[in-house]
Amino acid sequence: MYLQLQNLTKQFDNITAVNDMNVNIKKGELVSLLGPSGCGKTTTLKMIGGFLKPTRGKVILDGIDITNLEPEKRPITTVFQSYALFPHMNVQENVGYGLKYRKQYSKKAAREKVDEMLDMVGLKDFARQNVTKLSGGQQQRVAFARALILNPKVLLLDEPFSNLDAKLRVKMRNEIKELQKKIQITMIFVTHDQEEALSISDRIVIMNDGVIVQIGSPKDIYTNPKNQFVADFIGRVNTLKLGEKTLLIRPENIAITSEDTGHNGKIIQKQYMGPYTTYFIKIGEQTIQADISSITDEAWEIGESVNIKFM
Amino acid sequence: MYLQLQNLTKQFDNITAVNDMNVNIKKGELVSLLGPSGCGKTTTLKMIGGFLKPTRGKVILDGIDITNLEPEKRPITTVFQSYALFPHMNVQENVGYGLKYRKQYSKKAAREKVDEMLDMVGLKDFARQNVTKLSGGQQQRVAFARALILNPKVLLLDEPFSNLDAKLRVKMRNEIKELQKKIQITMIFVTHDQEEALSISDRIVIMNDGVIVQIGSPKDIYTNPKNQFVADFIGRVNTLKLGEKTLLIRPENIAITSEDTGHNGKIIQKQYMGPYTTYFIKIGEQTIQADISSITDEAWEIGESVNIKFM
Amino acid sequence: MSKAIRNTITSFIVPILFIFTWAIFATKLNNPMILPQINQVLNNFVHATDDFIGLGSIPRNIIVSLIRVLLGYCVGVIIALPLGIFMGYKESISNLFSKFINTLRPVPALSWVPLVLAWFGLASLATFFGVPYGPKQVFFDNFKFAMIFIIGMGTFFPVVSGAAFGVKNVPKTLIESAKVLGASNRDIFFKILIPAAGPNIINGLRGGLGSAWGCLVAAEMLPGSLSGLGYLITHAYELARTDLVVTGIICIGVVGALLDYIFVVVEKRRFSWLGR
Amino acid sequence: MSKAIRNTITSFIVPILFIFTWAIFATKLNNPMILPQINQVLNNFVHATDDFIGLGSIPRNIIVSLIRVLLGYCVGVIIALPLGIFMGYKESISNLFSKFINTLRPVPALSWVPLVLAWFGLASLATFFGVPYGPKQVFFDNFKFAMIFIIGMGTFFPVVSGAAFGVKNVPKTLIESAKVLGASNRDIFFKILIPAAGPNIINGLRGGLGSAWGCLVAAEMLPGSLSGLGYLITHAYELARTDLVVTGIICIGVVGALLDYIFVVVEKRRFSWLGR
């Protein structure tokens with residue numbers, strides 16, 4: 001394994017922020033740490049980056065124990081949530097900043113590498129612009145370029161899209177994924193946005209209260225959530241009590257039909273969402289949500305009595 | 001018609017912010033003004049509320065021309081994006097503020113009405129709390145209660161959910177919709193979030209550059225966008241050139257199949273989204289996105305050659 | 001816990017070092033004209049109510065200074081506060097006055113002293129009320145118009161800026177909301193605008209009082225002054241009573257800090273809603 | 001456009017009214033000791049290089065005041081700036097000094113005058129360098145240690161606060177980023193921390209210079225001063241030359257405004273990236 005977290009634990013005074021965490025990450029893999037705020041995901045990232053010393057446990061990168069190395073000695077760079085661009089420098093000064101401290105680059109070689117990097121992130125025309133004058137998406141790209149130019153073995157990302165608006169977030173997400181595939185870099189990605197984690201990750205580590213709740217591919221986790229917490233956190237879920245049994249079922253896995261299925265209910269509300277319509281159906285005392293694809297939707301009315309079936 | 005905007009126009013110096021706008025709104029209807037920032041939607045709202053005087057045109061409410069009435073003389077209240085709660089007052093003082101200026105309420109009657117309102121928005125236990133100590137969602141509810149307590153004929157909402165996080169936004173959206181149905185109030189809702197507009201509105205007015213581009217029900221607009229702008233703005237769309245013809249097609253209306261359909265392409269990327277997977281398919285020089293429902297998905301691989309069909 | 005204690009201990013190192021250095025130097029120099037002994041200064045506080053070599057007792061000088069500063073401060077606030085509020089409220093009023101105010105701002109308040117003396121001379125509250133000669137006249141004669149004017153000047157600029165800034169920065173939607181809810185302009189002004197601008201207004205008032213106190217002490221040091229803390233330290237110096245100078249400086253600092261503290265309390269009480 | 005022009009016109013109403021009122025009162029009173037004629041004041045500026053009744057020419061007094069303020073300001077900055085920066089950089093240093101500094105802060109700078117006179121007496125740069133009696137000695141004798149000390153005091157507090165606040169508020173991620181990119185502590189300190197704290201540091205330096213100028217003018221008004229703008233206005237008053245008092249006050253305001261303007265320019269040039 002390329003990057004190993006072994007029994008990683010961090011205590012602050014009496015609070016255990018991260019408890020006995022074990023994760024193995026392959027080379028070139030993109031792994032998300034996903035969880036609500038305060039779940040320990042950022043603390044974990046800081047321990048990998050070296051900004052926090054673990055109370056117990058090890059961080060092993062490419063066979064070498066880096067647990068006690070200073071951040072600057074690790075072949076790891078971080079893109080911070082706030083981007084942390086140097087406000088008094090222009091784009092190329094920001095991107096090239098790290099190269100100044102790498103002896104192997106002559107001034108000319110450094111300049112060429114900066115140009116190449118700016119080209120890659122599509123900011124060639126902004127080289128001399130001050131970073132504070134850029135849009136959120138452009139600042140984001142500068143932060144990436146500045147981190148990637150050092151050819152780190154691992155790139156850490158701390159909620160990098162949280163300052164962007166919805167459409168731009170989706171666009172940047174795709175760009176980063178492309179970039180990651182192209183240069184085959186190992187990335188660890190902290191987020192609280194489940195959609196982001198699903199769409200970008202090779203694997204997701206779901207955390208809560210400082211411990212790992214589930215590790216798996218996006219599909220694993222979405223289709224086989226280990227417990228109610230994971231099911232609720234990733235996507236929407238109906239918790240339906242049928243006699244003694246409790247069923248966790250996704251809204252898109254419910255169909256509405258007029259034939260008798262034994263599960264009878266009444267439509268109390270509907271919301272058109274474009275690709276599908278969400279029906280709010282009251283079954284006994286419980287209300288469930290069913291997402292009916294617009295292609296198969298038979299346009300049931302509010303007040304109508306219907307049967308549901310599970311798929 | 002209950003509320004009519006007739007030839008409503010607003011010019012600032014040489015800029016025409018809103019140009020010749022005509023909309024008729026029924027009693028109890030929830031209409032969204034949707035468009036990118038700077039499209040004139042907020043200017044329109046301000047003219048309805050009376051905060052801006054139109055350059056031309058009329059606002060007619062319940063048969064009465066209110067174009068030249070002061071904001072406080074109109075039976076209309078507004079919930080601002082920033083909520084605009086009075087920071088030096090507690091929850092019940094904020095909610096009851098407007099009643100002080102309504103002679104028909106005795107002190108006791110006013111207090112009872114405030115309690116009733118707080119009960120309705122679920123803030124009974126927070127009556128004496130200072131509003132700055134509340135969470136975003138609670139502040140939002142106080143703003144609604146403060147506006148609704150005056151029984152306005154029309155309630156205006158200026159991007160009321162934009163300061164809330166994703167999950168809370170969906171929750172508040174449902175709450176407001178419930179409330180609106182219950183008290184049958186006419187609402188005009190300004191937003192730039194297409195998902196919000198689709199899910200909450202009876203009708204949507206799409207604006208761009210100060211003019212109305214399209215008016216219709218969410219389903220009308222999603223399934224029959226008038227032009228590329230509307231199609232792009234509401235949901236995602238593939239613009240596919242087939243010979244001379246240009247096809248606008250939604251990702252969920254594309255199916256992937258191995259049988260020969262005449263439209264052959266190659267999968268270059270895929271993103272698992274939970275309920276569906278987005279495949280990026282290269283057809284000739286064009287890349288299209290297809291959302292394949294997880295139920296019907298045959299798990300095509302990146303690099304695979306496939307056929308697509310339109311539904 | 002342990003960190004908080006360590007921090008408290010650290011914060012006392014420099015003050016204690018300072019006092020030790022003082023004690024050592026005072027003993028070594030053995031020249032009370034340059035550096036008095038600490039216990040001599042403490043002794044002055046113990047006998048604070050004595051009339052020190054004709055300069056008056058410490059409490060008397062403090063009271064004279066306090067009354068002076070409050071008189072001048074009130075005059076300054078009465079002019080600056082409404083002006084600032086209206087400047088924040090109406091852009092046209094702001095346009096009318098801001099150039100004029102900004103032209104006068106860089107002139108330190110104390111520079112007006114000679115001009116103001118030319119105007120008011122030695123006229124005081126005693127002159128104004130026509131108090132006949134006697135102890136009462138002596139007391140009221142302490143409150144010279146010239147001094148009140150200077151302190152008012154020192155008060156004026158921070159207060160006017162704070163009020164104008166505060167009122168101007170009340171979100172427009174707050175006022176529009178109140179209007180829609182039916183509040184009259186008068187109500188909006190007094191019940192919404194002023195309270196919402198409160199923290200900035202208080203901040204201006206605080207800065208104004210600090211500035212007024214600084215001006216006062218300086219004004220009392222000028223020739224012609226016959227009482228007050230500024231007078232006490234200048235004349236104690238002339239009489240080579242450096243111990244009294246140090247005593248006076250400590251009083252000036254403590255009174256200044258207490259005046260400032262009033263606003264800390266007001267802020268905490270009235271504007272707890274600011275705490276986020 | 002038309003609005004901008006209207007605003008400019010409005011902003012001149014009050015200053016023009018002020019000048020008119022002055023002119024009318026001056027003519028009505030016809031007492032140059034209380035209110036001089038405007039043209040008399042203008043006349044003083046026209047003949048600025050004259051030696052006014054033994055008080056020295058206006059430019060000479062301005063230069064003396066400027067050199068004084070710059071000497072004291074430099075002393076204050078040399079102490080306050082590094083201290084403030086280190087206080088912002090290391091919490092332990094901040095703990096060590098902040099209580100002490102906050103204890104001294106409420107004492108107005110001018111109150112130190114009597115104590116400082118007791119320490120330095122009339123020692124000046126002339127005494128220090130042993131300049132033999134003559135015109136050179138007269139010039140250097142203008143720069144008394146006591147005055148430099150007081151101005152340094154006036155400079156100290158705004159500068160130390162601005163620097164400490166600025167450095168402390170540089171986002172931690174900025175420093176961590178630079179560290180990860182391989183910058184040495186030395187480079188981080190000088191190339192990241194100081195520039196990023198720049199705007200607040202400059203703001204402190206600006207406040208310090210304003211405070212220094214105010215202290216200086218006041219200090220020059222105290223007995224014993226023999227030149228400078230503060231001296232000019234006090235002694236012009238004593239000689240009943242109110243026109244010269246007004247001239248001096250205008251000079252004080254203009255110089256103060258120009259000193260402040262230096263920082264406006266520096267801010268615009270160096271920290272254009274702040275503009276959002």
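Since we're looking at a predicted model, the values are computed, not measured. In the text below, chain A, chain B and the rest are named by the order of the sequence lines, each starting its count at 1.
No other option in C/F97, C/F18, C/W213 has as many heavy-atom pairs under 4.5 Å with chain D as C/F18. Of the listed residues (D/V217, D/L117, D/L115, D/L229), the one with the most heavy-atom contacts under 4.5 Å to chain C is D/L117. With chain C as partner, the option from D/D260, D/L110, D/N95, D/V107 having the largest number of non-hydrogen pairs under 4.5 angstrom is D/N95. The candidate with the highest count of non-hydrogen atom pairs below 4.5 Å against chain C, out of D/P15, D/G256, D/A218, is D/P15. The greatest number of non-hydrogen atom pairs below 4.5 Å with chain C, out of D/W112, D/F100, D/W119, is found for D/F100.
D/I233 and C/P114 make their closest contact through O-CB, 3.6 Å (heavy atoms, listed as atom of the first residue, atom of the second, distance). Closest of all the heavy-atom pairs between D/P108 and C/G214 is CG-CA, 3.6 Å. Smallest separation of non-hydrogen atoms from D/V14 and C/L96: CG2-O, 3.2 Å. Across C/A118 and D/T242, no two heavy atoms sit closer than the pair CB-OG1, 4.2 Å. Closest non-hydrogen pair, C/P106 versus D/G253, comes out as CB-O, 3.6 Å.
Interface remark: D/I249 contributes backbone and side-chain atoms alike to the contact with chain C (heavy atom separation under 4.5 Å). Contacts between C/N7 and chain D at a heavy-atom distance below 4.5 Å involve backbone atoms as well as side-chain atoms. Looking at D/E220, there are no atoms closer than 4.5 Å to chain C (heavy atoms on both sides), in backbone or side chain. At a 4.5 Å heavy-atom cutoff, the contact between C/S111 and chain D is made by backbone and side-chain atoms alike.
Separation of atoms CD1 (C/I101) and OG (D/S11) is listed at 12.5 Å; rounding is to 0.5 Å.
Residues C/S92 and D/T10 have side chains not in contact (no heavy-atom distance under 4.5 Å, counting atoms from C-beta outward).
With a 6.0 Å radius and a threshold of 12 heavy atoms from other residues, nucleotides or ligands, C/F165 has its CZ atom at or below the threshold.
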